[in-house]
Amino acid sequence: MSQYEAVESEKKWQQKWKEWEIYKFDPCSPKPVFSIDNPPRYTSGSLHLGHATGYSLIDFAARYKRMRGHNVFFPLCFDVNGTPTEIKVEKKHGITKLNTPRQEYVRLCSEFANSFIDEMTKQFEMLGESMDPTIYYQTDAPYYRRITQITFLRLLEKGIVYKGTFPVNWCPSCTTALADAEVEYSDNITKLNYIKFKIKGTDEDVLIATTRPELLSACQLVAVSPEDESKADLVGKELITPIYGKAIKVIADDKVDPSYGTGVVMICTIGDKTDLEWVMKYNLPMDRAIDEQGRLTSLTGKYEGMTVKEGKQAIIEDLKASGLLVRQEDTKQNVGRCWRCHHPIEYLQMPQWFLKTMDYKDQILKLADEVEWHPGFMKVRLQDWVNSLQWDWVISRQRYFATPIPVWECEECGKVVPAEESQCYVDPTVDRPPVDECPDCGGRLVGCTDVFDTWMDSSISALYNTFWERDDEKFKRLYPMSMRPQSHDIIRTWAFYSLLRCYLMTGERPWDHIMIHGFIMAPDGTPMHSSIGNVIDPLPILEEYGADAMRYYACTCALGEDNAFREKDVIHGKRLCNKLWNIGKFTGMVVKEKPEMKGIQPMDRWILSKFSRVVRNATAYYEAYQFDRAMREIEDFAWHEYADHYLEMVKHRTREGDDGVRFTLYTVTLGIAKMLAPLMPHVTEDIYQENFLNLDGARSIHVSSWPEEVLISEEDEKKGDLIKEVISSIRAWKAEKGFPLNREIELIELIGPSAMELKGYESDIVETSRAKSLKMVVEADLEDEVVALKPIKSAIGPTFKQKGKEIMDLLASLDPAQAGPAVEKGELTLTLGDGSSVTLDKRYVEVQRKLTLEGKAVDTLQVRDILIAVSP
RNA sequence: GGGCUCAUGGUCUAGUGGUUAUGACGUCUCCCUCACACGGAGGAGGUCGCCGGUUCGAAUCCGGCUGAGCCCACCA
């Protein structure tokens with residue numbers, strides 16, 4: 001068998017890992033803890049490629065830290081609350097929250113969401129994710145919701161959460177309040193309607209442009225710009241609204257753009273965010289033209305009961321018929337929409353629960369500075385969001401499938417009676433209040449029917465993970481967590497709310513590091529959306545190429561950047577697996593017992609030094625969460641230095657009892673496998689188990705020790721590189737001549753002073769290039785000629801600065817045959833335009849030679865300053 | 001409108017001041033050499049988006065422009 005069978009092997013090791021429980025977090029271990037505030041995966045069905053990539057990136061960090069001797073906390077977890085599930089369940093069963101009893105509705109949602117958990121867990125396993133099921137949690141479980149409720153009760157006691165009646169974002173389709181973070185915007189073309197308003201007490205008209213004529217009945221005020229002289233006489237007058245005949249005052253306000261529409265704005269309760277500002281500023285009455293379900297109210301008269309869309313159409317028809325609609329034109333509009341159902345949002349004033357955010361902006365920014373961001377530029381996103389906040393966070397939702405708000409309210413006086421902490425988890429729509437009646441007025445207590453925004457749950461994952469309120473000792477040891485991984489789209493939600501909530505409960509940051517990964521795009525670079533139908537399912541990829549190949553793709557994605565899916569990289573990953581596996585096999589054939597470091601030869605020192613450098617660099621990349629760089633560093637070395645050159649050069653040594661080559665093969669192959677183990681856990685485990693198990697001693701490569709530097713020697717690397725280049729040039733020469741690479745050649749002669757430095761490497765050159773004999777000489781018996789002088793810019797520039805260009809121009813004009821020997825003796829003196837002179841030697845100029853001789857059939861090759869004569 | 005990221009051979013990509021710009025895929029030639037043909041050796045293929053500036057020297061630093069993606073704001 002000469003092929004690595006990925007799919008088969010992966011299944012085998014996944015099964016073993018499960019048996020061995022190698023991912024288990026040990027709360028009693030003295031080892032340092034590395035804890036990951038893993039994103040609880042939303043139970044919306046199977047994973048798509050973006051999730052697979054994201055979780056792989058997290059797993060890289062987890063596995064790396066485990067091998068560095070950390071006690072890794074990496075929980076398997078799921079997020080089960082919320083609207084997305086509700087929407088899917090409503091579609092599936094054809095229900096709404098209005099026509100289904102609450103408990104039944106919740107049961108259906110819970111059943112639906114939980115039905116995915118087993119399958120999703122299996123998918124994580126197939127990807128090789130090293131999440132620990134012994135510290136499992138899901139956000140809808142009583143043990144988790146209990147913590148959410150307790151944090152709320154504490155904040156309520158401190159006055160940080162409060163109930164208030166303010167206009168909020170409202171989704172008429174989901175019939176619930178939404179936080180600003182849950183509103184997304186999309187471009188839209190709509191009609192701008194020019195409508196005649198009568199000026200009260202005259203026959204004159206004023207034209208007002210509006211996109212929302214259906215709100216005419218809730219028109220409270222008309223505004224013009226104070227800059228606009230042509231409208232100045234209107235200020236202070238009253239206008240009469242069409243259809244409703246209501247008298248409306250005209251005022252001047254800075255916010256009005258005199259050039260848009262007619263420069264006259266009608267302010268309604270409430271059309272958009274600017275209306276909202278005006279409502280606050282002028283303290284306008286909160287007449288409602290639209291109800292919770294997005295239908296027009298009785299305020300609109302005969303339009304009552306119509307949807308916003310129908311009402312708009314009807315009122316436009318009526319205005320047209322009575323000649324009040326002068327004209328319509330298209331206008332671009334950015335409509336706020338519900339993040340999940342995409343229905344346009346309205347602003348409605350409703351009693352809601354709020355959590356104070358405006359008071360804590362500075363603290364959040366300070367906390368954000370304490371956390372180390374990977375990559376650093378992502379911190380700006382959070383800062384921008386915090387600075388742009390204008391309202392407190394609406395935390396109540398008029399939905400069912402989420403954590404209930406643990407309060408009861410008095411029917412008579414409205415007094416709020418919170419649950420006792422000991423009662424939590426509690427559902428006030430089912431459970432009894434802590435007291436039988438209102439302590440103030442004796443009225444009946446009614447359970448709160450609102451639930452929390454689901455970010456109330458997920459924003460305390462760091463508290464839940466660290467046993468906050470469950471085990472003080474563990475909490476002290478585990479908080480703050482080491483790292484929060486997440487994608488950039490939820491910086492303004494998950495990252496922000498987590499910082500806020502954890503700060504409010506502990507006064508400290510929730511984590512030391514935050515790692516932000518980008519999005520995976522479709523192959524053409526457009527975002528994946530189920531509505532476009534370009535979502536990529538990772539399962540067929542896993543089945544065809546294996547998880548390690550898929551993970552190889554994942555680690556070519558630099559942190560924080562969006563990446564189009566490149567199947568080619570997956571295929572390449574599969575090839576790399578095969579290459580590594582064969583390197584392992586080759587090593588296993590040679591190395592049968594654990595070798596000691598002895599009998600090391602020059603080329604061994606060369607590769608060991610390069611290897612040690614790779615250990616150093618790759619480790620630094622891992623520490624900085626730069627997995628793409630770590631992979632490149634290790635792969636380049638493993639494939640194109642170690643396999644292509646070192647292994648080829650030492651094959652002739654493996655037959656004899658050569659200690660040096662055994663030690664080197666053992667050290668480097670094992671080291672490569674270990675360094676790649678976090679990224680490609682299956683194939684590296686296979687290599688380990690097959691070739692190193694009894695030699696290295698750990699049960700699994702994933703709990704083995706990280707490789708160490710053996711030696712670093714610039715001298716050995718330089719010489720080895722030179723040998724490599726000599727051998728390569730001979731190979732290239734064979735290829736050019738059309739010879740097979742294993743063809744024997746008569747003679748290789750290395751000519752030049754530098755050639756003498758290669759003493760000790762003769763056998764490597766001879767064996768690898770199949771030469772019958774090899775000579776090294778300082779001066780050739782043959783005639784040679786200098787053919788070119790090459791300025792070494794990196795030496796000339798820093799030394800001669802602005803004279804550099806002139807020197808290089810002069811060099812180019814010289815006759816190489818004459819100037820070459822002068823350079824070699826260090827006697828080439830040039831006179832510059834300003835009368836000064838400079839002397840150049842080999843540090844500044846490379847002398848290129850060519851053999852010219854008659855008679856003998858010899859080809860010449862040049863490697864740096866060594867001339868190679870080859871006799872076929 | 002603001003912010004962030006990006007622009008490099010046909011495609012994807014590395015590269016934050018210094019010899020001839022990296023690698024992969026594809027393509028062409030050669031080689032089944034006893035770890036690997038999912039391999040190896042070699043070749044062809046690039047005005048490093050455009051315009052200025054700084055510098056002895058710019059793919060790299062600065063400014064402007066063009067285009068793409070993401071985030072945010074937003075006009076009734």
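Values below: every heavy atom of this structure, side chains too, minus hydrogens, waters and symmetry copies. Letters A, B, ... are given to chains in the order of the sequence lines, protein chains preceding strands, and every chain is numbered from 1.
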* Asked: Base, sugar-phosphate, or nothing for A:Asp644, non-hydrogen atoms under 4.0 angstrom?
  -> sugar-phosphate
* Have a look at A:Met589 and say if it touches a base, only the backbone sugar-phosphate, or nothing, with a 4.0 Å heavy-atom cut-off. => sugar-phosphate
* Asked: Can you check whether A:Trp639 has a side-chain N or O nearer than 4.0 Å to OP1 or OP2 of B:C36?
  -> no
* Across the strands shown, which category fits A:Ala795 at heavy-atom distances under 4.0 angstrom: base, sugar-phosphate, nothing? -> nothing
* **Whole-Å gap separating P (B:C70) and CG (A:Leu559)** => 20 Å
* Can you say whether the rings of A:His488 and A:Phe519 are parallel (under 30°), tilted (30 to 60°) or perpendicular (over 60°)? -> tilted
* Structure fact -> Which of B:A24, B:A76, B:G3 is nearest the side chain of A:Asp272? It is B:A76
* A:Arg566 has an atom CZ; how far is it from atom P of B:G23, in whole Å? -> 18 Å
* Please round to the nearest 0.5 Å and tell me the distance separating atom CZ of A:Arg770 and atom CD1 of A:Ile748. => 12.5 Å
* Would you indicate what A:Asp562 reaches in the nucleic acid, counting non-hydrogen atoms under 4.0 angstrom: base, sugar-phosphate, or nothing? => sugar-phosphate
* Asked: Of A:Ile571 and A:Met378, whose closest RNA chain B nucleotide lies nearer the 5' terminus?
  -> A:Met378
* Asked: A:Asp330 has an atom CG; how far is it from atom P of B:A76, in whole Å?
  -> 13 Å
* Structure fact -> Closest of B:C6, B:A35, B:C71 to the A:Glu561 side chain is B:C6
* To do: Using the C1' atom as the reference point in each nucleotide, state the distance between B:A14 and B:G23 in Å, no decimals.
  => 7 Å
* May I ask you to say what A:Ala209 touches in the nucleic acid, namely base, sugar-phosphate or nothing, with a heavy-atom cut-off under 4.0 Å? => base
* Whole-Å gap separating C1' (B:U22) and CD (A:Glu633) -> 13 Å
* If we take the P atom in both B:C34 and B:A44, what is their distance in whole Å? -> 29 Å
* Tell me what A:Phe377 touches on the nucleic acid: a base, only sugar-phosphate, or nothing, going by heavy atoms under 4.0 Å. => sugar-phosphate
* To do: Assign A:Leu647 to base, sugar-phosphate, or nothing according to its heavy-atom contacts below 4.0 angstrom with the strands shown.
  => base
* Asked: Please give, in whole Å, the distance from B:C72 C1' to A:Arg492 CZ?
  -> 8 Å
* Asked: Considering only side-chain heavy atoms of A:Met521, which listed nucleotide, B:G69, B:G3, B:A14, is closest?
  -> B:G69
* Asked: Tell me, which pairs form a salt bridge (charged side-chain N to carboxylate O under 4.0 Å, His left out) where one or both residues lie in residues 543-554 of chain A, sequence neighbours left out?
  -> A:Asp59-A:Arg551
* To do: Would you confirm whether the ring centroid of A:Phe800 sits within less than 6.0 angstrom of the ring centroid of A:Tyr844?
  => yes
* Establish, with yes or no, whether the OP1 or OP2 oxygen of B:C75 is under 4.0 angstrom from a side-chain nitrogen or oxygen of A:Thr274. => yes
* **Out of B:C4, B:G26, B:C36, whichever nucleotide has its closest atom nearest the side chain of A:Asn582** => B:C36
* **A:Asp636 CG - B:A24 C1' separation (whole Å)** => 10 Å
* Asked: When the P atoms of B:C36 and B:G40 are considered, how many whole Å apart are they?
  -> 12 Å
* Asked: Below 3.5 Å, does any donor atom in the side chain of A:Lys568 face an acceptor in the base of B:C12, or the other way round?
  -> no
* Asked: Taking atom C1' in both B:G2 and B:U11, what distance in whole Å separates the two?
  -> 34 Å
* In whole angstrom, give me the gap between the C1' atoms of B:U13 and B:A59. => 14 Å
* To do: Round to a whole Å and report the spacing from CD of A:Glu277 to P of B:A76.
  => 14 Å
* Structure fact -> Taking B:A24, B:A35, B:G69 as options, the one with an atom nearest any side-chain atom of A:His572 is B:A24
* Rounded C1' spacing from B:C65 to B:C28 in Å -> 40 Å
* Asked: Does any non-hydrogen side-chain atom of A:Tyr552 lie less than 4.5 Å from one of A:Glu635?
  -> yes
* Using heavy atoms to find the nearest nucleotide of RNA chain B for A:Asp180 and A:Gly263 separately, return the residue whose nucleotide is more 5′. => A:Asp180
* Asked: In terms of side-chain heavy atoms of A:Val256, which of B:A35, B:A76, B:C72 is nearest?
  -> B:A76
* Is A:Glu806 touching bases, backbone alone, or none of the nucleic acid, heavy atoms closer than 4.0 Å? -> nothing
* Could you point out which residue of A:Leu665, A:Asn691, A:Val591, A:Thr669 forms a side chain to side chain contact (heavy atoms under 4.5 Å, CB included) with A:Phe586? => A:Leu665
* Would you say A:Arg381 reaches B:G3's phosphate, i.e. side-chain N/O to OP1/OP2 under 4.0 Å? -> no
* Where does the angle between the aromatic ring planes of A:Tyr4 and A:Trp581 fall among parallel (under 30°), tilted (30 to 60°) and perpendicular (over 60°)? -> tilted
* Assign A:Arg629 to base, sugar-phosphate, or nothing according to its heavy-atom contacts below 4.0 angstrom with the strands shown. => sugar-phosphate
* Would you mind telling me which of B:C75, B:C6, B:C36 lies closest to the side-chain atoms of A:Gln3? => B:C36
* To do: Using a strict cut-off of less than 4.0 Å between a Lys/Arg side-chain nitrogen and an Asp/Glu carboxylate oxygen, indicate whether A:Asp721 and A:Lys610 qualify as a salt bridge.
  => yes
* Rounded to whole angstrom, note down the C1' distance from B:C70 over to B:G10. => 28 Å
* Sticking with atom P, work out how far B:C62 lies from B:U16, rounded to a whole angstrom. => 13 Å
* **Side chain of A:Arg575 - closest among B:G39, B:U13, B:C4** => B:G39
* Please determine if A:Glu641 and A:Lys724 form a salt bridge, counting it only when a charged side-chain N lies under 4.0 Å from a carboxylate O. => yes
* Asked: Base, sugar-phosphate, or nothing for A:Arg731, non-hydrogen atoms under 4.0 angstrom?
  -> sugar-phosphate
* Touch class at under 4.0 angstrom, heavy-atom based, for A:Lys734 against every strand present -> nothing
* According to the Watson-Crick and G-U wobble definition with distances under 3.5 Å, which dot-bracket string, read 5' to 3', encodes RNA chain B, using [ ] for crossing pairs and | for pairs with another strand? -> (((((((..(((.....[....))).(((((.......))))).....(((((..]....))))))))))))....
* Describe, in one word, how the ring planes of A:Tyr625 and A:Phe627 are oriented to each other, choosing from parallel (under 30°), tilted (30 to 60°) and perpendicular (over 60°). => perpendicular
* **Rounded distance in Å - OH (A:Tyr844) to P (B:U19)** => 17 Å
* **Carboxylate-amine/guanidinium contact A:Asp272 A:Arg212, below 4.0 Å** => no
* Which one, B:C12, B:G39, B:A76, comes nearest to the side chain of A:Lys579? -> B:G39
